[in-house]
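One structure is given here, and the rest of the page talks about it.
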Amino acid sequence: MIGLNDTLDPALQSWVESANDTHTDFPIQNLPFGRFRVAGGEWRLGVAIGDQILDLRAAGLFDASDMNSLMRLAPEPRRALRTALSEGLRAGSALATRWKEALVPQSAAEMGLPCTIGDYTDFYTSIHHATTVGRQFRPDNPLLPNYKWVPIGYHGRASSIGVSGQSFHRPWGQTRPATAPEGSAPNFGPSRRLDYELELGIFIARPNALGEPVPMEQAEEHVFGLTLFNDWSARDVQGWEYQPLGPFLAKNFASTVSPWMVTLEALAPFRQPFRRPEGDPAPLPYLDSASNRDQGAIGITLEVWLQTAAMREAGHAGDRVSSSNYADAYWTIAQLVAHHTVNGCNLQAGDLLGSGTLSGPAPEQAGSLLELSNGGKQPLTLSNGEQRSFLEDGDTVILKAHCERPGARRIGFGECRGTVLPARPRKG
């Protein structure tokens, strides 16, 4: 487990003045990694600092444009790079004059996917989400019996993951309402129950060899960092297709990730003990460790904002429709990595693990419209009088997240933003 060091000193200030703003997501204590380019140029690796990006190659820190090669570094050189970044960006650093030439305003940069994503697995780590959704379909048995024993996941589609700012067309698919007569033909058309899912993305760093499981004690050494992640979902398509093999076309049409990977080193001050509710079974031994119990949870405040087309035209930034916390997840990062590899599965640098929808225990902490609207039965009323059971064309969903506690510097994740476009017309 990663400990505290002087890069996390809350008193640290940077010669990049915008990084000293108490409201910035990217103070010197954060230093997240991403990929950017300017005016259609080549992709470069950078670190967010205030409202700027430090170009790693121009600063003489990493002479490559492949983020995955940086992610594959062993923990020691990765942490040495973080230390060098922190020391060079601190107020009074002798490198300030030279590194100023390596800064690019974030407003002038186009952000790309933070790395090349080879494979993508989505998990189901919120027991509150699983119970609320399960209750809609199985009122007498909302939580399936395996949930408290095994981290549930499915393999998703990496090719349709886009970066924050993307727009995508409403998907088409087969649907059949639950009220349809048994044996009746399904409908085919655009999804009418389009939803978002508030998630975190977990990016793998070091690979493990095929056939070699990663034990709990080493699991976080194989994780580079976290992002925000929106796993858009067509609930009506999902309801018809998911049995017996799980999600397919309801999920693979689009997913959106934020561009900055916040490292586990930056998240160290916000660790919390991981505890199961009293009476729940203890994890099996391969999913348990002393360090996971001591500080396996991470306190990350998560928010969902919804901006309709009418709001955008009126200059309205949108409404915050829910907020939850990652500390309420039922499974930790280390448990996800250990379980994913326990059968010998080989993870690669750049692989993405989705946390699954992160809902809290209270109804207003739901991480999807499916939950907030009780399956569409109780529409959400927005501040301008509009109502939403599910997403409509022109809606923009913005995910945000930050960490803060007394004695530590507040850090954030930036935004994960995506907009729904009308379904593409079909011939015939």
Identify whether the distance between the nearest side-chain nitrogen and carboxylate oxygen of R37 and E110 falls below 4.0 Å. yes
Could I get the full list of salt bridge (charged side-chain N to carboxylate O under 4.0 Å, His left out) partners for R388, not counting sequence neighbours? E386, E392, D395
Applying side-chain contact (heavy atoms from CB on, under 4.5 Å) to T332 and not counting sequence neighbours gives F274, N292, A334, Q335
Applying side chain to side chain contact (heavy atoms under 4.5 Å, CB included) between I333 and each of L267, T125, V223, report the one that passes. V223
Under the side chain to side chain donor-acceptor pair (under 3.5 Å) criterion, do N230 and T256 qualify, and how do the steps go? CA-CA 5 Å; N230 189 341; T256 309; 5.6 Å; no
D122: partners by salt bridge (charged side-chain N to carboxylate O under 4.0 Å, His left out), with sequence neighbours left out: none
Going by salt bridge (charged side-chain N to carboxylate O under 4.0 Å, His left out), name the residues that satisfy it together with D288, two or more places apart in sequence or in a different chain. R293
Taking only residues two or more places apart in sequence or in another chain, which ones pass side-chain contact (heavy atoms from CB on, under 4.5 Å) with Q136? L370, N374
Who pairs with E17 by salt bridge (charged side-chain N to carboxylate O under 4.0 Å, His left out), at least two apart in sequence or on another chain? none
So which pairs with a foot in residues 406-418 pass side chain to side chain donor-acceptor pair (under 3.5 Å), sequence neighbours left out? D25-R410, E415-R417
Determine yes or no for a side-chain-to-main-chain donor-acceptor pair under 3.5 angstrom, with N325 supplying the side chain and I300 the backbone. yes
Between Y124 and Y154, does the ring centre distance come in under 6.0 Å? no
Between the main-chain N or O of R235 and the side-chain N or O of S233, is there a donor-acceptor pair closer than 3.5 Å? no
With ring centroids as reference points, do W260 and F413 lie under 6.0 angstrom apart? no
Salt bridge (charged side-chain N to carboxylate O under 4.0 Å, His left out) pairs, two or more places apart, involving residues 315-342: E303-R320
What pairs with A423 under side-chain contact (heavy atoms from CB on, under 4.5 Å), at least two apart in sequence or on another chain? R170, W172, P190
Which pairs pass side chain to side chain donor-acceptor pair (under 3.5 Å) with one or both residues in residues 339-351, sequence neighbours excluded? T121-H340, Y286-H339
Can any side-chain N or O of S18 pair as donor or acceptor with the backbone N or O of D51 at less than 3.5 Å? yes
For E221, is there an ion pair with R206 - N to carboxylate O distance below 4.0 angstrom? yes
Side chain to side chain donor-acceptor pair (under 3.5 Å) partners of residues 59-78, not counting sequence neighbours, each pair once: R57-D63
S355 side chain vs L200 backbone, donor-acceptor pair below 3.5 Å: yes
Hey, would you say the Y120 and F229 ring centroids sit under 6.0 Å apart? yes
Do side-chain atoms of Q307 reach the backbone of H316 as a donor and acceptor pair under 3.5 angstrom? yes
Could you tabulate the donor-acceptor pairs under 3.5 Å formed by side-chain atoms of residues 94-101, not counting sequence neighbours?
residue: W99; atom: NE1; partner: A59; partner atom: O; Å: 3.2

Closest heavy-atom pair and its distance - A297, P273: CB-O, 3.7 Å
